[in-house]
Number of protein chains: 2
Amino acid sequence: MQIEEKAKLFKALSDPNRLRILKMLQVRKLCVCEITEVLSLATSTVSEHLSILKRAGFIIEEKEGKWVNYMINSNCCDTTVASIISMLPFWISNDNTVSCDIDKINSVDRAKLCCK
Amino acid sequence: MQIEEKAKLFKALSDPNRLRILKMLQVRKLCVCEITEVLSLATSTVSEHLSILKRAGFIIEEKEGKWVNYMINSNCCDTTVASIISMLPFWISNDNTVSCDIDKINSVDRAKLCCK
DNA sequence: ATTAGATTTCGGTGTAAAACGAAATGAGAA
DNA sequence: TTCTCATTTCGTTTTACACCGAAATCTAAT
């Protein structure tokens, strides 16, 4: 991987909303509408953030009925990506925003959320 | 440190030229004109890159006569910054561009460089 | 003090990226 | 098939950033 691609990895991490997404996905897999609810952004915006994280290799997706679940790419073969993922809990811990996000994803009901 | 500031750390790493600067500074301290010579950018551009890395905490500066030496902030008290610095050799190694950069800084003569 | 040279700061330009709403896509239910 | 709804893509706007040259700053030597 060339240095331009390494820079792109860090660019994917350079947005607070994308860091919040990664921290949430380290709790459990989530669909787009759940993340949208927590971040209070437009669905299209969240979708774009997810595609950036996916392109960088940090997350993968899985179809489940009409939903698309996103999850951390835990078995990533790229050692740089894998080490960054493993460092995230150390780098970002006890953050107020992230704590609230995690509280929210634990009380969110996907079925209710998507049908309102 | 809030999550916005963590994002700024990664933003500082999200530019290939700034990664090249960090890799060069892990070999030895360098002045602005030496880095400018290697990167082939305008001096003002390099100066701005350095101020971004300095603001993020990755590097520190030291006056030496008419020169300003920049060096890795090795004794950084921030554990996130410190761990990122220590991971850089693992994340970026055997890169062609970086290898050429390091060859150049080993053959560059600061006195000649600045007086041409 | 004045000059010379290294670096920083300041405008300006072009490009990238974040955000949104609307339209398009794709998958399950009726 | 047709409808519903989650998600993606597209077009647009606004903001941020990389880059440059010129002017300003700061230091050392004349």
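Chain letters run A, B, ... following the sequence lines, proteins first and then strands; every chain starts at 1. Computed from a prediction, not measured in an experiment: that's the story for all the values here.
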Novice: Of all the nucleotides listed (D:dC20, D:dT7, C:dA19), which has the minimum atom distance to the side chain of A:Trp67?
Specialist: D:dT7
Novice: So with a 6.0 Å cut-off around CG of A:Asn75, is the heavy-atom count from everything else above 12?
Specialist: no
Novice: Extract all donor-acceptor atom pairs below 3.5 Å that involve side chains of residues 6-14 of chain B and protein atoms in other chains or at least two apart in sequence.
Specialist:
| unit_1 | atom_1 | unit_2 | atom_2 | d |
| --- | --- | --- | --- | --- |
| B:Lys6 | NZ | A:Trp91 | O | 2.9 |
| B:Lys6 | NZ | B:Thr80 | OG1 | 2.7 |
| B:Ser14 | OG | B:Lys11 | O | 2.7 |

Novice: Whole angstrom is fine here: how far is it from CG in B:Leu53 over to P in D:dC17?
Specialist: 14 Å
Novice: Give a yes or no on whether B:Leu53 and B:Ile102 share a hydrophobic cluster (residues Ile, Leu, Val, Met, Phe, Trp, Tyr; joining criterion: side-chain heavy atoms under 4.5 Å apart).
Specialist: yes
Novice: Over how many whole Å does the gap from A:Leu30 atom CG to D:dT7 atom C1' extend?
Specialist: 15 Å
Novice: Round to the nearest Å and state the distance from A:Leu50 atom CG to C:dA17 atom P.
Specialist: 17 Å
Novice: Categorize B:Ile52 for me: base, sugar-phosphate, or nothing, with a 4.0 angstrom heavy-atom threshold over every strand shown.
Specialist: sugar-phosphate
Novice: For DNA chain D, which residues of residues 13-25 of chain A approach it to below 4.0 angstrom with any heavy atom?
Specialist: none
Novice: State whether the side chain of B:Arg28 and the backbone N or O of B:Ile105 hold a donor-acceptor pair below 3.5 Å, judged by distance alone.
Specialist: yes
Novice: Answer yes or no: is there a side-chain heavy-atom contact under 4.5 Å between A:Ile60 and A:Tyr70?
Specialist: no
Novice: Hey, quick one: are A:Met71 and A:Leu25 part of the same hydrophobic cluster, counting side-chain heavy atoms closer than 4.5 Å, chains of contacts allowed?
Specialist: no
Novice: Take atom CD of A:Glu37 and atom P of D:dC5, then tell me their distance rounded to the nearest Å.
Specialist: 17 Å
Novice: Once you round it to whole Å, what is the distance between C1' of D:dG11 and CD of A:Glu48?
Specialist: 11 Å
Novice: Nearest-nucleotide wise, let me know which of A:Thr43 and A:Lys11 is further upstream toward the 5' end of DNA chain C.
Specialist: A:Lys11
Novice: Counting side-chain heavy atoms from C-beta on, which of C:dT7, D:dG11, D:dC20 comes nearest to B:Val32?
Specialist: C:dT7
Novice: Between D:dT9, D:dA18, C:dT8, which one does the side chain of A:Ser44 approach most closely?
Specialist: D:dT9
Novice: If you compare every side-chain N and O of A:His49 against the phosphate oxygens of C:dA19 (OP1, OP2), does one of them come in below 4.0 Å?
Specialist: yes
Novice: When you get a sec, tell me which of C:dC10, D:dT8, C:dT7 is the closest nucleotide to the side chain of A:Glu61?
Specialist: D:dT8
Novice: Which nucleotides of nucleotides 24-30 of chain D have their base under 4.0 Å from a protein heavy atom (B), which only their sugar-phosphate (S), and which neither (-), written as one string 5' to 3'?
Specialist: ---SS--
Novice: Check whether any side-chain heavy atom of B:Ile84 lies under 4.5 Å from a side-chain heavy atom of A:Met87, and answer yes or no.
Specialist: no
Novice: Between P on D:dT8 and CG on A:Leu41, what's the gap in Å once rounded to a whole number?
Specialist: 15 Å
Novice: At less than 4.0 Å, is any side-chain N or O atom of A:Thr45 found next to OP1 or OP2 of C:dA19? Yes or no.
Specialist: no
Novice: Does the distance from a Lys or Arg side-chain N to an Asp or Glu carboxylate O, for A:Glu62 and A:Lys29, drop under 4.0 Å?
Specialist: yes
Novice: Can you tell if the side chain of A:Thr97 reaches within under 4.5 Å of the side chain of A:Arg20, non-hydrogen atoms only?
Specialist: yes
Novice: Hey, does B:Ile35 have a side-chain heavy atom less than 4.5 Å from the side chain of B:Met24?
Specialist: yes
Novice: B:Arg55 has an atom CZ; how far is it from atom C1' of C:dT8, in whole Å?
Specialist: 13 Å
Novice: For C:dA6, does either OP1 or OP2 sit under 4.0 Å from a side-chain N or O belonging to B:Tyr70?
Specialist: no
Novice: What is the distance, to the nearest angstrom, from the CG atom on A:Asn69 to the P atom on D:dT8?
Specialist: 11 Å
Novice: Would you mind telling me which of D:dT8, D:dA18, C:dT7 lies closest to the side-chain atoms of A:Val68?
Specialist: D:dT8
